[in-house]
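As the structure is a prediction and not an experimental result, all values here were calculated from the model.
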Amino acid sequence: MIRTVDSPPHVSAPVLAAYSYCEAVTGQQARNFAYGIRLLPTPKRRAMSALYAFSRRVDDIGDGDLPGEVKVARLEDTRALLTRVREGRVEEDDTDPVAVALTHASRAFPIPLGGLDELIDGVQMDLRGETYETWDDLKVYCRCVAGAIGRLSLGVFGTEPGARGAERAPEYADTLGLALQLTNILRDVREDAEGGRTYLPADDLAKFGCSAGFDGPTPPEGSDFAGLVHFEVRRARALFAEGYRLLPMLDRRSGACVAAMAGIYRRLLDRIEREPEAVLRGRVSLPGREKAYVAVRGLSGLDTRRHVSRRTVRRRA
């Protein structure tokens, strides 16, 4: 069983300032993530913001305009900083607020910081221009950049004492991360293509006549682009169904956070399924009011209760 470690009752001014910086980064840059973590109690919300701010730094290095060799060097510098955090060598008066906040969070909660090493590994895969022949190949990448984030988050959330099957919680958190990342890949297929990146498995692209890629607002001539999207949507839905087994293992507010984040992406997946070619014309997104509705739904526990009910029906069938 994974237990949450209580946050210390007193947080020093330098650490509070560091957390405030991370929360500002999260609020400004996290389009979907911020809606979920608002539902958490303060210590967990701060810790999640620290994780996001560090992850955002890694992603920004990979997505930026710097020369490749500079990106590689900066990723190694970031990995070295992570080592300092892991070894407790970051003082409260350090000039890097993200390092200060992450160090405090990792002392307050059992966060598996190796997941951030995996995230750096995933961004390095991007820099090498790796492509993926099969879904099994792509899963390795997705586990680095998203599954690891699920496992890191679980370190903050913890599981409820006595939760049935809690030993599998990291597996479900990882799978939910894969579901979110595959949804991201579908949403960003045109944007990634313009940046010279192809994530969807080459086997799938060939199966649906899409090997020519997506360099315009219309599918490749003679392709079954809708068939490709629907195929990947079904795969993502299966991952969501598996990952949602995590929800009954979490306390109410942590479960609400996960349900909100996952719910936003599931609705995004619905939109992509209804109009596959929309992802070739621009970024598909949800309006803020719909994200807020999903967050309220998560806090109400509706998604958790629905999932538990479905599992109970299946066991009785």
Side-chain angles (χ1 to χ4, degrees), residues 18 21-34 48-87 89-90 94-103 105-106 111-133 137-153 174 177-178 180-202 213-215 279 283:
Y21 173 84
C22 293
E23 290 191 278
V25 170
T26 303
Q28 292 167 6
Q29 300 190 38
R31 293 183 179 90
N32 299 322
F33 187 82
M48 290 295 289
S49 293
L51 285 173
Y52 177 84
F54 189 94
S55 302
R56 180 76 265 165
R57 178 178 296 182
V58 174
D59 286 341
D60 285 347
I61 293 171
D63 293 337
D65 298 326
L66 295 170
E69 62 274 12
V70 177
K71 291 183 178 183
V72 170
R74 291 202 176 181
L75 285 176
E76 288 308 317
D77 289 344
T78 306
R79 197 187 294 274
L81 176 62
L82 180 59
T83 298
R84 287 179 53 215
V85 170
R86 184 183 292 112
E87 295 175 353
R89 293 190 287 113
V90 176
D94 194 282
T95 57
D96 187 333
V98 176
V100 172
L102 185 60
T103 298
S106 66
I111 300 171
L113 291 175
L116 292 173
D117 278 304
E118 292 180 56
L119 174 61
I120 295 171
D121 291 341
V123 174
Q124 287 177 327
M125 294 167 73
D126 280 337
L127 296 184
R128 292 195 296 268
E130 293 194 18
T131 55
Y132 308 96
E133 291 296 316
D137 295 334
L138 180 58
K139 276 196 295 188
V140 174
Y141 171 78
C142 290
R143 285 208 160 96
C144 284
V145 299
I149 302 301
R151 287 177 267 119
L152 286 158
S153 301
D174 183 278
L178 264 64
L180 269 59
Q181 185 62 23
L182 183 53
T183 304
N184 269 338
I185 287 171
L186 286 172
R187 180 195 64 188
D188 297 339
V189 65
R190 170 74 184 281
E191 182 179 322
D192 289 333
E194 290 174 347
R197 295 176 182 173
T198 300
Y199 291 106
L200 290 174
F214 313 105
D215 57 356
V279 299
R283 177 177 284 244

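Annotation: side chain of Asp60 is in contact with side chain of Gln29 (closest heavy-atom distance under 4.5 Å). Residues Val279 and Leu186 form no side-chain contact, since every pair of their non-hydrogen atoms from C-beta on lies 4.5 Å or further apart. Looking only at side-chain heavy atoms (C-beta outward), Arg84 and Asp96 stay at 4.5 Å or farther from each other. Within the 4.5 Å cutoff, the side chain of Thr103 has no heavy atoms near those of the Arg89 side chain. Using a 4.5 Å cut-off on side-chain heavy atoms (C-beta onward), Ser106 and Arg86 make no contact. For the pair Leu127/Leu75, a side-chain contact is recorded, criterion being any heavy-atom separation below 4.5 Å from C-beta on. Residues Leu116 and Leu51 form a side-chain contact, since some pair of their non-hydrogen atoms from C-beta on lies under 4.5 Å apart. The shortest distance between side-chain heavy atoms of Leu152 and Ile149 falls below 4.5 Å.
Within the model, atoms CZ of Arg56 and SG of Cys22 stand 13.5 Å from one another, a figure rounded to the nearest 0.5 Å. The structure places CG of Leu113 at 11.0 Å from CD of Glu87, a figure rounded to the nearest 0.5 Å. Interatomic distance, Asp117 CG to Leu82 CG, rounded to the nearest 0.5 Å: 5.0 Å. Rounded to the nearest 0.5 Å, atoms CG (Leu138) and OG1 (Thr131) are 10.5 Å apart. In this structure, OG1 on Thr183 lies 9.0 Å from CD on Gln181, to the nearest 0.5 angstrom. Here the straight-line distance linking atom OH of Tyr52 with atom CG of Leu102 works out to 15.0 Å at 0.5 Å rounding.
Residues satisfying the ring pair (Phe, Tyr, Trp, His ring centres under 6.0 Å) test with Tyr141, not counting sequence neighbours, are Tyr132, Tyr199. With sequence neighbours left out, Phe54 forms a ring pair (Phe, Tyr, Trp, His ring centres under 6.0 Å) with no residue at all. Applying the salt bridge (charged side-chain N to carboxylate O under 4.0 Å, His left out) criterion to Asp192, with sequence neighbours excluded, gives no partner residue.
Taking every heavy atom of both residues into account, Ala148 and Asp174 meet most closely at N-OD2, 4.4 Å. Shortest non-hydrogen contact noted between Ala50 and Val98 is O-CG1, 4.3 Å. When all heavy atoms of Gly177 and Ala146 are compared, the pair lying nearest together is O-CB, 3.2 Å. Shortest non-hydrogen contact noted between Cys144 and Met125 is SG-SD, 4.5 Å.
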side-chain contact (heavy atoms from CB on, under 4.5 Å) assessment of Arg79 paired with Asp121: CA-CA 10 Å; Arg79 197 187 294 274; Asp121 291 341; 2.9 Å; yes
Criterion side-chain contact (heavy atoms from CB on, under 4.5 Å) on Ile61 and Val123, from CA distance to verdict: CA-CA 8 Å; Ile61 293 171; Val123 174; 5.6 Å; no
Worked verdict on Gln124 versus Glu76 for side chain to side chain donor-acceptor pair (under 3.5 Å): CA-CA 10 Å; Gln124 287 177 327; Glu76 288 308 317; 2.8 Å; yes
Working for salt bridge (Lys or Arg N to Asp or Glu O under 4.0 Å), residues Asp77 and Arg57: CA-CA 11 Å; Asp77 289 344; Arg57 178 178 296 182; over 6 Å; no
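Note on Glu118 versus Arg143: no salt bridge recorded, every NZ/NE/NH1/NH2 to OD/OE distance being 4.0 Å or above. Under the 4.0 Å criterion applied to side-chain N and carboxylate O atoms, Asp126 and Lys71 are not assigned as salt-bridge partners.
Annotation for Arg74: atom CZ does not count as buried by contact number, only 12 or fewer foreign heavy atoms lying within 6.0 Å.
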